[in-house]
Amino acid sequence: MAIRKIRTLGEDVLRSTAKEVTEMTPRLEELIDDMFDTMYDANGVGLAAPQVGIRKRIVVIDVTGEDPVCLINPVIKSADGEQTGYEGCLSVPGKTGVVTRANHVVVEAYDRDMNKFEIEGEELMARALQHEIDHLDGVVYVDKVQEGKLYTNEEIEKMQEEE
Ligand code: NI
């Protein structure tokens, strides 16, 4: 297990379409372990393989710190409701934006044993699923932020104090 370098906005790999995983290999097992390590090390709630420079459809998410989930070849089967809130990304350090997304999604994916499963998410989990799956198609949340605006952490703190 190891911590990998997180790629940042401007690098081509973040704008490419990731390839489907057809079989689990020791290399991919190692990649998944490293993705969890890298995500926890960076205090993130989700990470997609392109963010560590690998063009594969693999995502790891843990929104509570106690529910690690690995999704391989994830596909959103249904989405409903709406939520608007702050969003950030480990590939866009120090920035936050306001993004509107579905409030509830159902996702079909494969686990690390390549068994198909379905996972449902609401609120933060729904947001994480949509955000990470976007990464697999070269989409970064900055493409979807309200008014195209990104804020620094200090600006967010100030806005919250004024509310
Ligand atoms: Ni991200």
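Sequence positions, counted from 1, serve as the residue numbers for this chain. Every number for a ligand or one of its atoms is a count from 1 in the order of the listing. If you're wondering where the values come from, they're calculated on a predicted model, not measured in any experiment.
Heavy-atom neighbours of Asp143 CG from other residues, nucleotides or ligands within 6.0 Å: above the threshold of 12.
In this structure, Lys56 does not pair ionically with Glu20, as no charged nitrogen and carboxylate oxygen lie closer than 4.0 Å. At a threshold of 4.0 Å, the pair Asp134-Lys144 counts as salt-bridged, since one of the basic side-chain nitrogens sits closer than that to a carboxylate oxygen.
For the residue pair Ser91 and Arg7, no side-chain donor N or O sits within less than 3.5 Å of a side-chain acceptor on the partner.
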Solution key, residues 23-34 side-chain donor-acceptor pairs under 3.5 Å, sequence neighbours excluded:
from  : atom 1 : to     : atom 2 : distance (Å)
Thr25 : OG1    : Leu28  : N      : 3.1
Glu29 : OE1    : Arg112 : NE     : 3.3
Glu29 : OE1    : Arg112 : NH2    : 2.7
Asp33 : OD1    : Arg112 : NH1    : 3.3
Asp33 : OD1    : Arg112 : NH2    : 3.0
Asp34 : OD1    : Ala2   : N      : 2.7
Asp34 : OD2    : Arg4   : NE     : 2.8
Asp34 : OD2    : Arg4   : NH2    : 2.8

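Applying the side chain to side chain contact (heavy atoms under 4.5 Å, CB included) test between Ile119 and each of Leu71, Val105, Asp111 identifies Leu71 as the sole match.
Note on the Ni ion (ligand 1): protein N/O/S atoms under 2.8 Å are Cys89 SG, His131 NE2, His135 NE2.
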